[in-house]
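Each remark here refers to the structure printed beneath this line.
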Amino acid sequence: MEAKQLTLGVRVAESYTLGNFLVSSDDSRRGRLAVSAIRRLVNRPLSGPDSMVHCWGAKGTGKSHLLMAACNLAGEQGLSAGYFPLAEFIHLGPGLLQNLHSLDLVCLDDVQTVLAHRTWQEALLEHFNRILEEGGRLLSSSPMPVPEMSLELPDLNSRLSWGGSFQIPELSNADKSLLLRDRCAQLGMQLGYDAADYL
């Protein structure tokens with residue numbers, strides 16, 4: 001009889017911070033630039049292009065971590081912030097964006113998911129403009145740089161490209177092993193180097 005592997009019902013309450021974001025050791029400069037830009041976006045009252053940052057990179061590079069960390073940092077400073085994973089909310093329609101301009105920081109994850117929906121693109125453009133007019137800050141992410149997203153609306157393409165755009169480099173296998181060991185340590189479990197490398 002074949003042994004069946006059981007999964008442990010262990011969940012960790014993630015504490016997403018810019019401090020515990022693991023920067024790729026192969027390309028640490030790009031990762032550090034992105035973290036610095038996000039910290040500057042949250043810490044200083046900015047206007048115009050400086051009030052927008054876009055992060056892009058392959059799946060699993062930590063873009064969602066950075067966006068949630070930015071929200072946590074904003075909250076620590078008494079600012080209102082919202083994290084919106086558009087891939088999960090797209091079925092709710094663009095009405096979801098209605099009151100985003102009232103937040104100090106808006107973090108939109110996976111903006112590429114709205115590409116096939118012109119109504120979403122129009123709503124995003126309208127709300128981007130309102131956020132900027134009212135002194136808000138905008139942080140967005142996608143798996144590819146803005147010019148490769150083939151947006152129908154040139155003005156939306158322009159808005160997303162307006163601020164800084166930062167690539168989040170992929171982690172090496174050694175980095176992933178380190179990350180896995182750190183996460184296990186957060187759960188009170190010790191994972192050996194060999195086991196982490198194998199996983």
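Note that the structure is a prediction, hence the values are computed from the model and not measured. Just so you know, these numbers use all the heavy atoms, side chains as well, and skip hydrogens, waters and symmetry mates. Residues take their numbers from the sequence shown, with the count starting at 1.
- Side-chain atoms of Ser142 and His54 include a donor-acceptor pair closer than 3.5 Å.
- Between the CG atom of Asn72 and the CG atom of Leu67 there is a distance of 11.0 Å, given to the nearest 0.5 Å.
- Annotation: the span from Arg39 atom CZ to Leu66 atom CG amounts to 10.5 Å, rounded to 0.5 Å.
- Evaluation of the side chain to side chain contact (heavy atoms under 4.5 Å, CB included) rule for Ile90 yields Thr113, Val114, His117, Trp120 as partners, not counting sequence neighbours.
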- Assess whether side-chain contact (heavy atoms from CB on, under 4.5 Å) is satisfied between Val111 and Met149, documenting all intermediate values. CA-CA 9 Å; Val111 293; Met149 285 200 282; 4.1 Å; yes
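- Evaluation of the side-chain hydrogen bond (donor to acceptor under 3.5 Å, both in side chains) rule for His127 yields no partner, not counting sequence neighbours.
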Donor-acceptor pairs under 3.5 Å, side chain of residues 79-89 to any protein atom, not counting sequence neighbours: which ones?
unit_1	atom_1	unit_2	atom_2	d
Ser80	OG	Asp104	N	3.0
Ser80	OG	Asp104	OD2	3.2
Tyr83	OH	Asp109	OD2	2.5

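- Once rounded to the nearest 0.5 Å, the distance linking OG of Ser141 with CG of Asp110 reads 5.0 Å.
- In this structure Ala70 satisfies the side chain to side chain contact (heavy atoms under 4.5 Å, CB included) test together with Ile38, Val42, Leu105, Cys107, Leu139, sequence neighbours excluded.
- A search for salt bridge (charged side-chain N to carboxylate O under 4.0 Å, His left out) contacts involving Glu152 returns Arg118, not counting sequence neighbours.
- When all heavy atoms of Leu156 and Leu151 are compared, the closest pair comes out as CD2-CD2, 4.0 Å.
- Residues forming a side chain to side chain contact (heavy atoms under 4.5 Å, CB included) with Thr17 (at least two apart in sequence, or on another chain): Ser15, Asn20.
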- Message: Using side-chain contact (heavy atoms from CB on, under 4.5 Å), reason through Leu132 and Ser51 one step at a time and then give a plain yes or no.
- Response: CA-CA 7 Å; Leu132 297 174; Ser51 58; 3.1 Å; yes
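- Between atom OG of residue Ser158 and atom CG of residue Leu125 there is a gap of 9.0 Å, rounded to the nearest 0.5 Å.
- The shortest distance between side-chain heavy atoms of Ser165 and Trp56 falls below 4.5 Å.
- Looking at every heavy atom in both residues, Gly57 comes nearest to Thr61 through C-OG1, 3.8 Å.
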- Task: Show your working on side-chain contact (heavy atoms from CB on, under 4.5 Å) between Leu124 and Leu153 and close with a plain yes or no.
- Result: CA-CA 10 Å; Leu124 277 174; Leu153 302 177; over 6 Å; no
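- Pairs engaging residues 58-80 under the salt bridge (Lys or Arg N to Asp or Glu O under 4.0 Å) rule: none recorded [sequence neighbours left out].
- With sequence neighbours excluded, the residues satisfying side chain to side chain contact (heavy atoms under 4.5 Å, CB included) with Pro147 are Pro145.
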- Task: Evaluate side-chain contact (heavy atoms from CB on, under 4.5 Å) for Gln112 paired with Met144, printing each intermediate quantity in order.
- Result: CA-CA 8 Å; Gln112 81 286 350; Met144 72 284 286; 4.0 Å; yes
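- Annotation: side-chain hydrogen bond (donor to acceptor under 3.5 Å, both in side chains) contacts of Asp155 (sequence neighbours excluded): none.
- In this structure, CG in Leu100 is found 10.5 Å from CD in Glu126, a value given to the nearest 0.5 Å.
- A heavy-atom distance below 4.5 Å is not found between the side chains of Val106 and Arg137.
- Atom CG of Leu138 sits about 11.0 Å away from atom CH2 of Trp162, to the nearest 0.5 Å.
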